[in-house]
Amino acid sequence: MKYELVIGLETHVELSTESKIFCSCGGHGKGSEPNDCVCPACSGMPGMLPVMNKKVVELAVTAGLMLNCNINKYTTFDKKNYYYPDLPCAYQITQINHPICTDGCVTLKTSEGTRDVRIKQIHMEEDAGKLVHSGNSSFVDFNRTSVPLIEIVTQPDFRSAEEVVTYLNKLKSMFRSSGISECEEGAMRCDVNISVRPEGSTEFGVRTEIKNMASFEAIERAIKYEAQRHMDALEYEIEELVQETRRFDDVSGKTFAMRNKETEADYRYFPDANLMPIIIDDAWLEEIKANKPTAVDEKADAYR
Ligand code: ADP
Ligand code: MG
Ligand code: ZN
């Protein structure tokens with residue numbers, strides 16, 4: 001049987017701000033030694049309160065404008081609760097109920113013509129720290145904790161690895177030329193959701209999610225491997241496909257199951273009462289629009 005690939009992406013981009021999202025420590029790439037960009041707030045000391053970095057809102061709105069999103073006037077933060085040593089508060093501040101941007105669209109030019117990919121939403125959140133393993137010891141570096149991120153979630157509109165890479169390159173050139181992010185390897189990380197379905201079918205198949213992919217080349221290899229695994233599973237019934245989270249091993253070129261897909265309820269999301277809702281009024285929105293640089297890609301479109 002012939003199958004069609006269906007892919008949706010969740011892309012995390014570290015923003016190029018001077019400081020972190022909720023404190024005045026240096027932002028992305030500012031530390032030179034482990035834990036030299038850390039304060040009581042971003043290292044999770046009891047009783048510390050977050051203070052919103054205005055620049056993060058402006059860069060998230062700028063990204064939303066570039067991706068033709070609705071900019072929501074009212075936007076709020078939520079706590080996503082889980083325990084892991086790189087997350088000192090045991091919750092991540094993110095947005096689930098009222099994300100800053102929704103319903104966008106980006107047009108890709110591929111070898112097969114153009115394709116529109118819908119953007120479901122863009123939300124703001126803080127990054128986690130980094131674990132470093134060495135021999136029998138593990139170390140934690142909190143320099144990255146609370147570095148601002150935007151997460152861009154697409155609808156499942158990609159149909160090939162080529163389209164995915166075209167999209168990622170487009171985001172990268174847009175974001176670099178507009179000062180949103182340098183998008184170096186590691187500053188742009190994707191969760192890749194994949195399913196396959198018989199050609200002509202309108203229903204979606206079972207999807208798996210490959211977590212935390214940083215290199216475009218690896219993303220392409222991972223998609224090809226995972227799509228083939230799905231097709232073989234359906235065609236020869238050698239294994240049952242289950243909705244789960246997987247990781248890609250660069251050396252073997254294969255994906256491996258990590259855990260069953262967690263659901264929203266697993267994280268006990270609730271509104272972060274320490275942060276006021278952000279209201280983006282017309283005057284502020286106009287100011288952000290006026291300051292929005294023209295991205296390379298838009299410039300190219302204007303000359304076509
Ligand atoms: P969840 O709440 O489980 O994270 P979302 O609806 O937010 O699910 O979707 C997460 C990502 O998975 C989105 O990028 C979406 O496009 C993608 N996705 C959803 N269903 C499928 C599918 N059947 N095949 C491929 N990708 C999918
Ligand atoms: Mg999701
Ligand atoms: Zn700090």
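These numbers come from the heavy atoms of this one structure, side chains and all, not from hydrogens, waters or symmetry mates.
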Would you name the heavy atoms of [X] and [Y] that are closest together and state the gap between them?
X	Y	result
Arg159	Asp157	NH1-C, 3.5 Å
Cys190	Leu168	SG-CD2, 3.6 Å
Ser146	Lys20	O-CB, 3.2 Å

Please examine the side chains of [Y] and [X], heavy atoms only from C-beta on, and report whether any two atoms are closer than 4.5 Å.
X	Y	value
His123	Val153	yes
Thr75	Pro99	no
Thr102	Lys120	no
Ser178	Met66	yes
Val13	Cys183	yes
Ile119	Asp103	no
Lys172	Phe216	yes

Whether [Y] and [X] form a salt bridge (side-chain N of Lys/Arg under 4.0 Å from carboxylate O of Asp/Glu) is what I want to check.
X	Y	result
Asp249	Lys254	no
Arg176	Glu182	yes
Arg221	Asp250	yes
Lys80	Glu125	no

Ring centers of Tyr83, Tyr91 separated by less than 6.0 Å: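 They do not qualify: ring centres at least 6.0 Å apart.
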
Before you tell me yes or no, could you show the steps for Glu244 and Arg246 under salt bridge (charged side-chain N to carboxylate O under 4.0 Å, His left out), namely the whole-Å CA-CA distance, both residues' side-chain angles and the distance that decides it to 0.1 Å? CA-CA 6 Å; Glu244 65 186 359; Arg246 299 177 70 86; 2.5 Å; yes

Passes salt bridge (charged side-chain N to carboxylate O under 4.0 Å, His left out), Arg207 versus Glu209? Steps please. CA-CA 7 Å; Arg207 79 170 134 132; Glu209 176 180 27; 5.6 Å; no

